[in-house]
Number of protein chains: 2
Amino acid sequence: MQSGHDLTMDKARQTAQGAEDAARRLPRDVREKAIIEGAIRFFAENGFEAATRALAKELGITQPLLYRYFPSKEVLIERVYNEVFVSRWNPEWEALIVDRSRPLEDRLIAFYRAYSKAVYDYVWVRIFVYSGLKKMDLNTRYLTIIREKVLIPICEELRHERGLPDTNSLPLGEDEVEMVWGLHGAFFYRAVRRFVYSLPERVPDDEAIANDIRQFLHGAPPTQKKIVKDRAKDRS
Amino acid sequence: MQSGHDLTMDKARQTAQGAEDAARRLPRDVREKAIIEGAIRFFAENGFEAATRALAKELGITQPLLYRYFPSKEVLIERVYNEVFVSRWNPEWEALIVDRSRPLEDRLIAFYRAYSKAVYDYVWVRIFVYSGLKKMDLNTRYLTIIREKVLIPICEELRHERGLPDTNSLPLGEDEVEMVWGLHGAFFYRAVRRFVYSLPERVPDDEAIANDIRQFLHGAPPTQKKIVKDRAKDRS
DNA sequence: TTTCCAGTTGATCAAATGATAATTAGGCAT
DNA sequence: ATGCCTAATTATCATTTGATCAACTGGAAA
């Protein structure tokens, strides 16, 4: 098989070998970036237990070269985390949620659509789930931010929207926050279905998200009123 | 440290060593069961890439013994899947959803509470997510069942509830099913938060589930009516 | 051209891993 | 008590894995 191949391949191998060709002898920073981006895709696909040799192969380089750029696999993985998570959170989103010059429905749709552009992403979702299973505090920290910067503000806007007491006179109850976790779950589980369980996207995201929000806002008031009433009773 | 311990430990070690004592020389079927149950907990915690030696240590046995009971690691993992998934689906649940002698709200709350008893479980959730990341068709198959046996029936009940045309005269649209995926996502994401991301259970499950359902049922009609109306228009 | 240096590779190590074979030892039937 | 059957262990193998090091290479500077 492949008889006489070797001679003709010898030339070709230099430009296209393995999955992607990796133009030999790159400047340091270019090669470093190539490794990181390759590592992101590779670990998102195969998990962090996957072998560095396989990563190198996919990059079209040899395995020891990785160690010229990163002192250990662990450090490389750390870099992958940073690259994927740190710069995908846009602080403007926080202001968007509490901008009372617009209807709440518009704000929430705008926020979750914008957020989906950053987060409905193969690499993001899988690396987030992988690191969650590994019990990295990264996830806990991230979800704490979600809670503080997204869910609780939404709770407060909901209170305001319905003319209910603000959170100073009546602190938020866990069940109120849990209610909004429901919205967030509907939103995030869509990405999990697609990127973890490989189910197809059957409804365009923007449409599905708008439905999520409308449904949430229509459904919330009764639950919310009940919760607040119960809490007011408990406190007397 | 531990001076003179060795002598007294010698006896104790026979009954309690490592994490759990593993009473030497068990009958074949008992040991087999012990291995499987240990493997379930072990792989749920550490993922399927984890080493068989670590598993053996946790079981209080030696690693080669595993191979007296299972020809390969892969076969053992297969057994773990079966043990965790096959027998946790209760066909009675399907009947419960479509039992029109009860209010839909009651049925859905009853179903999701019962389902949560089987599925809000450290082992179940983590193994399901692990196998999803590995792209086992197991997950796709399972979620197909969820779709057919749970989500679509709920859609049909919703149509009936609101006096809308049944699915024979107007087939279900993907967006209608997607809407119910939202409920399911709120439900399942609660378990992911707890067992994958290690967030605390802040609201009792039964209560949170009842809120999910009530909110869903209050929020669904407008969305649903809009969807059905749009579809009727498209078909003309 | 020659020198030099940074990018890259091939060879290799030590530890870990899945798996196997030979050996030991516990408990039941006789 | 004795001997047999088989559960369980010890020792070991081949492969894989993260990591290291000396040698090679190609282009820019002298």
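Each chain gets a letter, A, B and so on, in the order its sequence line appears, and its residues count up from 1.
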[X] has a side chain; which of [options] sits nearest to it?
X       : options               : answer
A:Ala51 : D:dT17, C:dT9, C:dT8  : D:dT17
A:Arg25 : C:dA19, D:dG27, D:dT9 : D:dG27
A:Leu26 : C:dT8, C:dG27, C:dG18 : C:dT8

Query raised in the report: Does a distance-only test, which skips hydrogens and angles, find a donor-acceptor pair under 3.5 Å between the side chain of A:Arg53 and the base of D:dG18?
Result: yes

Query raised in the report: For DNA chain C, whose closest nucleotide is more 5', that of A:Gln63 or that of A:Arg68?
Result: A:Arg68

Query raised in the report: Between A:Phe43 and A:Arg126, is there a cation-pi geometry (under 6.0 Å to ring centre, at most 45° from the normal)?
Result: no

Phosphate-side-chain proximity, [X] and [N], N/O vs OP1/OP2 below 4.0 Å:
X       : N      : answer
B:Tyr69 : D:dA8  : yes
A:Thr52 : D:dG18 : yes
B:Arg31 : D:dA8  : yes
A:Arg28 : C:dG7  : yes
B:Tyr67 : C:dT20 : no

Query raised in the report: NZ of B:Lys117: more than 12 outside heavy atoms within 6.0 angstrom?
Result: yes

Requested in this report: Answer yes or no: does atom NZ of A:Lys134 have more than 12 heavy-atom neighbours from other residues, nucleotides or ligands under 6.0 Å?
Outcome: yes

**Report entry** Whole angstrom value for the distance that separates C1' of D:dT9 from CG of B:Leu59
**Finding:** 15 Å

Report summary line: note: B:Glu49, atom CD; D:dT16, atom C1'; distance rounded to Å ~ 13 Å

Report summary line: Between A:Trp181 and B:Arg193 the two heavy atoms that sit nearest each other are CB-NH1, 3.3 Å

Query raised in the report: What does B:Pro64 touch in the nucleic acid at a heavy-atom separation under 4.0 angstrom: a base, only the sugar-phosphate, or nothing?
Result: base

Query raised in the report: B:Ala50 near the nucleic acid: base, sugar-phosphate alone, or nothing, with a heavy-atom cut-off under 4.0 Å?
Result: sugar-phosphate

